[in-house]
Amino acid sequence: MAKELQKQYNPAQVEDRIYEFWEKGGYFKATPNSGKKPYTIVMPPPNITGQLHMGHALDNTLQDLLIRWRRMQGYEALWVPGTDHASIATEAKIVEALQKEGLSKEALGREKYLERAWAWKKQYGGRIVQQLRKLGSSCDWSRERFTMDEGCSKAVVEVFNRLYEKGLIYRGERIINWCPTCHTSISDIEVEYQEQQGHFWHIKYPLKDGSGYLQIATTRPETMLGDTAVAVHPEDERYAHLIGKTLILPLVNREIPIIADSYVDPQFGTGAVKITPAHDPNDFEVGLRHSLPVINVMNEDATINENGGKYAGLNRYEARKQIVADLQEQGYLVKVEDHAHNVGTCYRCSDTVEPWVSKQWFVKMKPLAEPAIEVVKNGTTKFVPERFDKIYFHWMENIRDWCISRQIWWGHQIPAWYCDDCGEVIVARSAPDTCPKCGSHKLTRDQDTLDTWFSSALWPFSTLGWPENTEDLQYFYPTNDMVTGYDIIFFWVARMIFSGVEQTGKSPFSTVFIHGLVRDAQGRKMSKSLGNGIDPLDVIKEYGADALRFTLATGVSPGNDLRFVEDKVRAARNFCNKIWNAVRYVLMNLEEGDAPSIPDTLAIEDKWLLSHYNRLVGEVTENLEKYELGIAAQKLYDFFWDILCDWYIELSKSRMQEGGESALRARQVLLYVLDGSLRLLHPFMPFITEEVWQALPCEGETLIIQSWPTPNPALDFVKEERDFNMVVEAIRAIRARRAELGVAPSKKARLNIQTDYASVFAQGAPFLQRLASASYVEIGNSFDPAGSVQVITDAARIFIPMAELLDLDKERARLEKEKAAAQNEIASIEKKLQNQSFVAKAPAAVVEAEREKLRKASERLAKIEESLAELPG
RNA sequence: GGGGAUAUAGCUCAGCUGGUUAGAGCGCACGCUUCACAUGCGUGAGGUCAUGGGUUCGAGUCCCCUUAUCCCCACCA
């Protein structure tokens with residue numbers, strides 16, 4: 001960079017080159033048993049179907065920030081990257097691609113289909129991984145994994161077998177959520193409920209003995225084809241005499257009993273509920289309690305099957321229409337009401353999900369949930385922010401069995417075989433060739449695959465080599481931080497915790513750092529259908545990856561959503577430019593042999609800067625430890641821009657011009673503070689800090705592995721910091737006064753300073769000249785106020801001889817105003833200090849701070865009064 | 001039905017375990033071709049910290065009520 005010295009930072013010329021430098025240099029690689037303490041993050045694997053979106057950008061920025069920080073702190077920092085096969089989403093894409101060629105997966109056959117799928121994965125699976133590099137993600141790519149690679153697949157088979165052996169996986173005919181479009185079962189959490197405007201149909205079912213009717217109400221009349229009972233509440237007096245009697249199901253003419261079950265709410269509807277065990281989860285339960293037959297009336301594509309008699313073949317909506325029409329015609333329909341109700345939809349395709357009875361595999365959750373609750377209760381694993389543990393507990397405590405089988409082909413095929421001869425079920429780690437029960441060789445493997453989250457649940461340890469007891473696993477597991485969005489706590493985090501605890505005996509991570517969703521400027525969720533998504537790659541192209549990262553990391557408080565506002569990115573880009581130019585300034589003044597160091601002799605402003613810097617080091621580190629990344633970033637920004645650039649660099653200019661020892665020392669201090677600041681900024685903005693750091697005469701080849709600064713008590717120059725603040729305050733006050741009077745900055749003026757801190761102001765004199773337009777600075781005990789504009793600070797009275805601008809009346813009015821303000825301040829502090837309980841109960845430091853404030857305000861007031869008294873006229 | 005979040009300057013948001021004269025960026029006004037940066041510099045205007053109570057020597061910060069917006073869970077057919 002030194003040669004070019006462009007005025008503006010151009011990220012496009014830097015980022016790819018720096019990334020390659022790091023990757024080729026092997027700086028992202030972690031080595032087990034290096035003698036350092038391990039620090040591990042396992043990346044939430046993005047779907048191979050996906051493209052990088054803002055959510056990924058946020059998630060990975062936070063992870064990279066933590067990894068880079070810990071790496072610099074001297075940990076053996078490992079960030080494991082990888083991708084997820086995303087069973088349903090990927091299958092949908094492949095099927096779609098096949099359709100375009102006029103093919104179907106059935107026509108192709110499973111084997112050929114899977115070949116196509118793998119080819120597809122090969123072609124697109126690397127895309128998002130490349131995009132992650134653009135962000136600056138410093139993952140150990142040599143350890144990149146895929147949920148369907150050999151190792152992860154082995155882990156899946158192992159876990160399935162273990163759980164089966166323990167009786168925690170079972171196969172059964174249950175009611176599940178069926179998506180007719182995706183053509184598979186989905187788990188309870190994959191169903192999203194949407195409120196829809198529907199109807200409430202009141203239908204009368206005739207009693208078999210001809211003594212009348214029982215009226216029921218339903219939102220889904222088509223399911224009556226599968227009714228096997230009508231239920232009433234056992235204590236409902238209206239219906240007590242009917243319990244045990246038989247009804248004739250209209251249209252179908254099936255005889256069904258009237259049963260009593262407390263599930264029925266007598267207040268709701270008619271107080272009588274049609275029971276369809278095959279098509280409603282609650283009815284299914286009722287059916288079990290009363291041993292009712294289960295009559296499935298639907299096909300996989302949600303058309304009515306042969307059990308639906310004349311309605312067979314109709315889709316669910318046509319069937320509903322027809323049935324309602326027939327009921328009306330035959331006089332069974334009593335009335336129709338409007339009724340808003342929630343309809344379950346598929347979280348992938350949004351089609352209406354059908355509760356449907358079928359044979360599926362399930363994980364028994366209760367025994368797994370208990371220890372998983374325990375590790376969060378006892379603090380082994382913590383949520384940041386804490387409030388998410390409540391959500392976690394609530395879900396875990398009310399968990400139902402997990403349906404894990406999916407009727408699709410892309411994924412981990414279930415390691416279960418069925419004997420064609422005796423029907424024996426064999427779950428095994430590898431394909432068996434004989435049936436252990438009957439000896440038959442005719443075995444057929446289960447056609448289903450596992451829920452994609454089944455393999456994701458094992459991700460923190462399967463990626464480290466489990467079930468083998470690898471070096472990586474021993475050293476890096478359990479991992480430290482899991483960084484993910486709150487939307488995925490149930491799908492993933494909870495399942496990783498119970499899987500980790502069950503399989504490895506350890507919770508997979510100590511902290512779950514939860515972030516929110518990235519929304520658009522109006523606060524709407526970014527989505528394809530709204531077309532309001534902002535492509536992070538576009539942002540990187542326009543503003544640079546560092547600007548994007550800084551934007552995402554600042555103003556983000558844990559767990560809260562954040563709005564993506566382009567103005568913020570622009571501000572971050574400007575900050576990059578500020579860093580660039582600060583370094584450029586130093587390089588322009590650099591002389592042979594300069595290096596970062598703390599000279600033995602320090603000027604007051606050097607100490608002022610170093611003291612600020614030293615405090616920053618401590619605070620930023622503390623903020624990061626508490627996951628307050630946004631606060632840390634804000635502090636770095638303020639320090640760099642305000643303290644370092646606006647003040648120190650400006651102050652240093654006089655010294656640079658003078659040259660000599662003083663200039664040398666200024667350069668050393670500047671280099672020292674820049675070196676440290678760039679280290680602190682590196683996790684937030686890795687590219688520019690690396691680029692610029694390498695151009696500085698700092699020791700070492702690359703910033704990425706430099707040590708993280710630690711506070712140095714020798715740099716706490718409390719007195720000098722306070723003293724120099726008097727000069728800063730004076731400069732500000734003079735500038736303000738001049739601006740108020742409309743004096744052009746180019747118009748220099750003499751400053752006569754009356755102060756009790758003569759030596760401090762003597763040291764500050766050159767700065768008053770440079771930064772407060774002083775032509776000459778004189779420090780003395782008293783000055784003739786005549787013809788002078790006055791500026792009063794806590795520490796000084798400053799006389800600016802500008803007779804032509806002096807309006808005595810205005811001057812007096814202004815001084816009176818300042819006097820009143822000072823008096824008010826003093827009064828309020830005195831009131832506090834006179835309050836005995838304040839002095840007694842407040843911490844000593846707080847009381848002392850109040851006294852200090854009072855002292856300063858009093859000094860100022862005295863000066864104002866003096867000025868007023870001296871005012872001529 | 002249950003739980004949670006948010007409400008601070010025109011806009012977007014900080015404000016950690018209670019003690020600041022309540023902050024930042026953008027925007028706005030005024031002034032600057034100051035030899036790192038106009039993606040800049042200086043100065044300034046702008047806030048009853050949603051309402052009402054309470055705890056406390058002291059509350060934007062803790063507790064309760066109310067209002068508004070948003071989210072999650074449950075899913076009475």
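So that the names make sense, note that chain A is the first sequence line, chain B the second, and so on, each numbered from 1.
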Taking atom types as they are modelled, is there a donor-acceptor pair under 3.5 Å from the base of B:A36 to the side chain of A:Glu650?
-> yes

At under 4.0 Å, does any side-chain N or O of A:Trp641 touch on OP1 or OP2 of B:U39?
-> no

Between the main-chain N or O of A:Arg220 and the side-chain N or O of A:Thr218, is there a donor-acceptor pair closer than 3.5 Å?
-> yes

Which comes earlier along RNA chain B counting from the 5' end, the contact point of A:Ala521 or that of A:Ile391, where each point is its nearest nucleotide?
-> A:Ala521

When the P atoms of B:A45 and B:G10 are considered, how many whole Å apart are they?
-> 15 Å

How is A:Val847 classified with respect to the nucleic acid when contacts are heavy atoms under 4.0 Å: base, sugar-phosphate, or nothing?
-> nothing

Determine the contact category for A:Asp265: base if any of its heavy atoms lies under 4.0 Å from a base atom, sugar-phosphate if only primed atoms, P, OP1 or OP2 are that close, otherwise nothing.
-> base

Let me know the distance between CD of A:Glu285 and P of B:C75, rounded to the nearest Å.
-> 11 Å

Touch check for A:Glu622, heavy atoms < 4.0 angstrom, all strands: base, sugar-phosphate only, or nothing?
-> nothing

Give a yes or no on whether the backbone of A:Lys831 and the side-chain of A:Asn835 come within a donor-acceptor separation of less than 3.5 Å.
-> no

Among A:Asp280, A:Thr223, A:Thr228, A:Asp283, whose side chain to side chain donor-acceptor pair (under 3.5 Å) with A:Lys274 holds?
-> A:Thr223

For B:C75, does either OP1 or OP2 sit under 4.0 Å from a side-chain N or O belonging to A:Arg400?
-> yes

Check: A:Glu691 and A:Trp580 side chains under 4.5 Å, non-hydrogen atoms = yes

Would you mind telling me which of A:Phe383, A:Phe490, A:Trp492 makes a ring-ring contact (aromatic ring centres under 6.0 Å, His included) with A:Tyr392?
-> A:Phe383

Write down the distance separating the P atoms in B:C62 and B:U51, rounded off to the nearest Å.
-> 16 Å

Looking at A:Asn623, does any N or O in its side chain come under 4.0 Å of the phosphate oxygens OP1/OP2 on B:C16?
-> no

Taking the C1' atom of each, how far is B:C16 from B:A29, in whole Å?
-> 35 Å

Under 4.0 Å between a Lys/Arg side-chain N and an Asp/Glu carboxylate O for A:Arg855 and A:Glu848?
-> yes

With a 4.5 Å heavy-atom cut-off, do A:Trp641 and A:Asp646 have their side chains touching?
-> yes

Hey, are A:Asn623 and A:Lys635 close enough side-chain-wise for a donor-acceptor pair under 3.5 Å?
-> yes

Just checking A:Asn342: base, sugar-phosphate only, or nothing, at a heavy-atom cut-off of under 4.0 Å?
-> base

Would you call A:Lys568 and A:Glu566 a salt bridge, taking side-chain N to carboxylate O under 4.0 Å as the test?
-> no

Assign A:Tyr637 to base, sugar-phosphate, or nothing according to its heavy-atom contacts below 4.0 angstrom with the strands shown.
-> sugar-phosphate

In whole Å, what separates the C1' atom of B:G60 from that of B:A14?
-> 12 Å

Hey, does A:Cys645 reach any base, or is it just sugar-phosphate, or nothing, if we go heavy atoms under 4.0 Å?
-> base

B:G47 and B:G23, which share atom name C1', separated by this distance in whole Å = 11 Å

Looking across every strand, which nucleic acid part, if any, lies under 4.0 Å from A:Ile275 by heavy atom: base, sugar-phosphate, or nothing?
-> nothing

Atom pair distance, as rounded to whole Å: CZ in A:Arg563 and P in B:U69 = 15 Å

Is there a side-chain contact between A:Asp594 and A:Val586 (heavy atoms, below 4.5 Å)?
-> no

Which part of the nucleic acid, if any, lies within contact of A:Ala217, taking any heavy atom under 4.0 Å across all strands shown: a base, the sugar-phosphate backbone alone, or nothing?
-> base

Where the side chain of A:Tyr193 is concerned, which of B:C75, B:U12, B:C57 is the nearest nucleotide?
-> B:C75

To the nearest Å, how far apart are A:His341 NE2 and B:A77 P?
-> 8 Å

Taking OP1 and OP2 of B:A36, is either one under 4.0 Å from a side-chain nitrogen or oxygen of A:Lys653?
-> yes

Starting from C1' on B:C41, measure out to CH2 on A:Trp647 and report it in whole angstrom.
-> 12 Å

A:Ile189 atom CD1 is separated from B:C75 atom P, nearest whole Å, by 13 Å

When rounded to the nearest Å, what value does the distance between P atoms of B:U12 and B:G31 take?
-> 30 Å

When you compare B:U8 with B:A50, how far apart are their P atoms, in angstrom units rounded to a whole number?
-> 6 Å

Looking for any heavy atom pair under 4.0 Å, which part of the strands does A:Val273 touch: base, sugar-phosphate only, or nothing?
-> base

Selection from B:G4, B:U39, B:G42 that lies nearest to any side-chain heavy atom of A:Asp646 = B:G42

Test log, rule salt bridge (Lys or Arg N to Asp or Glu O under 4.0 Å), inputs A:Arg860 and A:Glu825 = CA-CA 11 Å; A:Arg860 192 168 76 244; A:Glu825 194 184 336; 3.2 Å; yes

Relative to the ring of A:Tyr347, is the ring of A:Phe491 parallel (under 30°), tilted (30 to 60°) or perpendicular (over 60°)?
-> parallel

Can a side chain N or O of A:Lys832 be found less than 4.0 Å away from OP1 or OP2 on B:U20?
-> yes

Inter-nucleotide C1' distance (B:U66, B:G27), Å rounded | 34 Å

Going by modelled atom types, is there a donor-acceptor pair between the base of B:U39 and the side chain of A:Arg570 at under 3.5 Å?
-> no

From B:C57, B:A36, B:A77, nucleotide with atom closest to A:Lys841 side chain | B:C57

Is there a donor and acceptor pair closer than 3.5 Å between the side chain of A:Gln836 and the base of B:C57?
-> no

Report yes if at least one side-chain N or O of A:Lys578 is closer than 4.0 Å to OP1 or OP2 of B:C41; otherwise report no.
-> yes

Write down the distance between CG (A:Asn560) and C1' (B:U6), rounded to a whole number of angstrom.
-> 8 Å

A:Pro843 near the nucleic acid: base, sugar-phosphate alone, or nothing, with a heavy-atom cut-off under 4.0 Å?
-> base

Base, sugar-phosphate, or nothing for A:Ala842, non-hydrogen atoms under 4.0 angstrom?
-> base

Check every strand shown and say whether A:Asp283 touches a base, only sugar-phosphate, or nothing at a heavy-atom separation below 4.0 Å.
-> nothing

A:Ala736 has its side chain closest, among B:C26, B:C57, B:U43, to B:U43

Counting side-chain heavy atoms from CB outward, which of B:A5, B:U43, B:A36 is closest to A:Ile649?
-> B:A36

Hey, does A:Phe575 reach any base, or is it just sugar-phosphate, or nothing, if we go heavy atoms under 4.0 Å?
-> nothing

Dot-bracket for RNA chain B, please, read 5' to 3', with Watson-Crick or G-U wobble pairs under 3.5 Å on both distances, ( ) within the strand, [ ] crossing, | other strand, . unpaired.
-> (((((((..((((.....[...)))).(((((.......))))).....(.(((..]....))).))))))))....

Rounded to the Å, how far apart are A:Gln522 CD and B:U6 P?
-> 22 Å

Per nearest nucleotide of RNA chain B, the residue lying toward the 5' end, A:Gln267 or A:Lys626, is A:Lys626

Nearest-Å distance, NZ (A:Lys7) to P (B:C35)?
-> 9 Å

